[in-house]
Amino acid sequence: MKKWFTCACALLLALQQAAADEGMWLVHNLGPIYPQMRAEGLKLKPGAIYNEQGAALADAVVAVDGGMGSGSMISDQGLMITNHHVAYSDICALSTEEHNYLETGFWARTRGEEIPVPGKTVWFLRKVEDVTSEVEAIKDRLKAEGRWGVMSMRRVYSEIEKKYAAQTDCEVSCVAMWGGKSYLMYYYDVYRDVRLVGAPPVSIGSFGGDYDNWSWPQHKGDFALYRVYTDPEGRPADYAPENVPLKPRRVLSIATGGVHDGDFQMVIGFPGRTNRYSSSFSIEEKQCVKNPIVVCNRQERMDIIRRHMERDPRVRMAYSDNFFSLSNYADYAKWETRCLQRFDVPSIRRAEEARMQEWIDADPSRSEEYGDLLEILGSGYAARAEAECALNYFRETWLGPSEALLTANRVSSYLGKLDRMHRDSLKRADKDAASVLNASFRLRGNYDPATDRDLFARMAVNFTANVPRELWGEALAEMFDAAGGDADRMAREAFDASFCSTAERYDAYFSQDRSVEEIRRDPLVALTESVRVQTFTSCVNRAEEQGCCRAGKGKGMGRGRRAAGNYVSHYESLYEGLLYDFRAAEGVPQYPDANSTMRLTYGTVGPLSPSDGIHYDSRSTSAGYMEKYNPGQYEYRVDERLRGLLAAKDWGRWGEKGVLYVNFLTNHDITGGNSGSPVLDARGRLVGLAFDGNRESMAGDVWFHPELAKTVCVDIRYVMWVIEKYAGAGWLLEEMNFEK
């Protein structure tokens, strides 16, 4: 007993010495953090949070579309709540010129008015099983058979998932933790009949737009409601009129008492990706190479799209989803770079690597195996810097900005298929011709030729100005020279002459059989065949191979070991496993990188002091709407109905001492995929929804700031006020369970 108590105290001390609220912990294994959670105020036992033998809080939390966002069940009639920005794409897709739900909002008045969302899925976690020994056995067998290569892990996952899928009605997914230290099999019930129930207009759901993104204070009603349906027997099913609302295993109760500084809270959700076992070299590459290219080019794309949206409401409706995605990541990359610089995160990691090198050198076998790992990594990253820069310009300026060029790329892919079949023409009567005839889907719906033309022209200028000519390909070089070295002119002329520029031209072009030769003469098809991703990836691979091999001629990594596939990624993977072992040796409690599996993070409500002389309270109020209100600026509009309600100050049961709180801050550790996650109090009741981070937390992909990292949440009482007072949808509240 005394020994157990001593170990428990040592663990608790280690946790307290670490950043207390850092970590996206595996929800099915809370042992390492449960003592600290209890010490900070948790009132629940572990089995009340996750329990495969009975209903628990985790049963009320869902992954939206497999992890694109998170949500939670708030009624026994299948009502699910998530963020407005998680529902943004659906709202845009369901909107028409007659019913623009993005601008007006949407509220079903009856079950019959709920709108089915094609392709929408909601995932419930049912079980987690450790399959490490089986995965390792499959890996050993493949190696013994001489079948181990770059893509072999896909074969491993396919084999073991097929085995477990045959034993269950659930969807199964095998996931590596800590770069392969362990492997877990996740079991999910996946529901495919999901219907939109309600969403506020964008002026509430995304008040402040990209200007307020990642900032504080915010004033967003960032929520939306769906309903999950099953077949009459309660099983997952495709949409059908006879389907019935889901009866969840667990439903969250909604707390009406509000949040206050120091309150214990936890977030359960499905965070997407983190890279907290990255080397200092990887972090520096992100800071100095990748992010500047992302920020520059996406900002220019946003400027072009914004200009067209402001001119034409139809373009705004068509491009709102695209603009939102661009803005979200461009802002993230900008503030991430500033945080990496401000907090000198590479130096923090280098200091840890210096200790790790001492630990490696202290053991002869480790030194023999890994003694020059850091040297090899540094040399590999340095050698590939220029090639990596070109690859990222390709990704940001060529691979995705223009829908017309992407359409041409699909045509080009089909031509490659015809080449392999030794056919010299595309005949409309051929069975496989449908794939190219349907490739124009990008030109239908959310597409404006004038906007796309400007995007393509601007990105072509950036590409040719920053990518070495030897990587262009013959067609691009010839067209560039023919335009007198004017990339803008070249791009516009190519766009105007291409059948890929509009759906009408595409349909007219393929109204008859075409030869492969004449299709390839189309200027956009020629350009997409001229600039190939393989050219850039091969360039990167050659550069990093030379760098790694040059450094690996000394002891350790250079002898008897050759990287399979990309050299840097291979050694970075070795680094990740070694860093895990080193941290374990130092007694550091560890959680695996986020990978869209269910996690729990805990913390408290509290204020923010982001820089010298600046202090922010932990909560924002409805007063902020009219303080920011600007009728001439789209992002800060407040419609007449909301202005009247704010002026009346009729908060009903959702106010607190005459104040309606809107958003609040916690110090939870979250990332993309956590959007819409329930924020729960010490008793597991719903108090809010996580929807954003703050600009000072933007290094969170690789490093968590113990004081400045914050999560921005929408107060659930404000959500209820919008539903009841603004939307007049009080009948939805009748499904919910409220607790003081």
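Side chain to side chain, Asn674 and Ser70 fail the donor-acceptor criterion of an N or O pair below 3.5 Å. When only modelled atom types and interatomic distance are considered, Arg532 and Thr535 share no side-chain donor-acceptor pair under 3.5 Å. A donor-acceptor contact closer than 3.5 angstrom is absent between the side chains of Tyr329 and Glu336. Using modelled atom types and a 3.5 Å distance limit, the side chains of Trp335 and Thr337 yield no donor-acceptor pair. Defined by atom type and a distance below 3.5 Å, a donor-acceptor pair is missing between the side-chain atoms of Ser530 and Glu474. In summary, the side chains of Ser412 and Glu529 do present a donor paired with an acceptor at a separation below 3.5 Å, with no hydrogens or angles considered. With hydrogens and angles left out, the side-chain atoms of Gln287 and Asn291 include no donor and acceptor closer than 3.5 Å.
Aromatic ring pairs are classed by plane angle as parallel below 30°, tilted from 30° to 60° and perpendicular above 60°; the pair His28 and Tyr186 is perpendicular. Phe582 and Trp359 have tilted rings, their planes meeting at an angle from 30° to 60° on a 0 to 90° scale. Classified by interplanar angle (parallel below 30°, tilted 30° to 60°, perpendicular above 60°), the ring pair Trp178/Tyr580 is tilted.
The shortest distance between side-chain heavy atoms of Leu476 and Phe463 falls below 4.5 Å.
A salt bridge links Asp581 to Lys181: one of the charged nitrogens lies within less than 4.0 Å of a carboxylate oxygen. Using a 4.0 Å cut-off between charged nitrogen and carboxylate oxygen, Asp454 and Arg301 do not count as a salt-bridge pair. Salt-bridge annotation for Arg155 and Glu159: absent, with no side-chain N of the basic residue lying under 4.0 Å from a carboxylate O of the acidic one. Ion pair Glu136/Lys139 flagged as a salt bridge, since at least one NZ, NE, NH1 or NH2 atom sits closer than 4.0 Å to an Asp/Glu carboxylate oxygen.
Of all non-hydrogen atoms in Met698 and Arg695, the two that sit nearest each other are CG-O, 3.3 Å. For the residue pair Ser282 and Tyr381, the shortest heavy atom distance occurs at CB-OH, 3.3 Å. The two residues Arg520 and Gly416 come nearest to each other via the heavy atoms NH2-N, 4.2 Å. For the residue pair Ala404 and Tyr447, the shortest heavy atom distance occurs at CB-OH, 4.0 Å. The minimum heavy-atom distance between Tyr277 and Tyr591, with the atom names listed, is OH-O, 3.3 Å. Listed here is the closest heavy atom pair of Ser379 and Gly547: OG-O, 2.6 Å.
Here CG of Asp303 is found 7.5 Å from CD of Glu300. Values are rounded to the nearest 0.5 Å.
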Pair Met302-Asn297, side chain to side chain contact (heavy atoms under 4.5 Å, CB included): steps then yes or no: CA-CA 9 Å; Met302 288 165 56; Asn297 288 286; over 6 Å; no
Does the pair Ile376 and Tyr567 meet the rule for a side chain to side chain contact (heavy atoms under 4.5 Å, CB included), with working shown? CA-CA 10 Å; Ile376 291 173; Tyr567 276 66; over 6 Å; no
For Val533 and Leu399, what are the C-alpha separation, side-chain angles and deciding distance, and is it a side chain to side chain contact (heavy atoms under 4.5 Å, CB included)? CA-CA 8 Å; Val533 64; Leu399 193 58; 5.5 Å; no
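Asp140 meets the salt bridge (Lys or Arg N to Asp or Glu O under 4.0 Å) test with no other residue; sequence neighbours excluded.
At least one cation-pi condition fails for Arg349 and Phe281: the charged atom is not both under 6.0 angstrom from the six-membered ring centre and inside a 45 degree cone around its axis.
Without hydrogens or angle criteria, Ser697 side chain to Asn694 main chain gives a donor-acceptor distance under 3.5 Å. Side-chain N or O atoms of Asp486 include one that pairs as donor or acceptor with a backbone N or O of Arg489 at under 3.5 Å.
Tested against Ser325, the residues Asn322, Asn328, Asp321 include a single side chain to side chain contact (heavy atoms under 4.5 Å, CB included) partner, Asp321. Checked against Asp701 for a salt bridge (charged side-chain N to carboxylate O under 4.0 Å, His left out), the options Arg276, Arg273, Lys290, Lys286 give a single hit: Lys286. Each of Thr597, Asp669, Asp593 was evaluated against Met24; a single residue qualifies, Asp669, per the side chain to side chain contact (heavy atoms under 4.5 Å, CB included) test.
Atom CZ of Arg147 has more than 12 heavy atoms from other residues, nucleotides or ligands within 6.0 Å.
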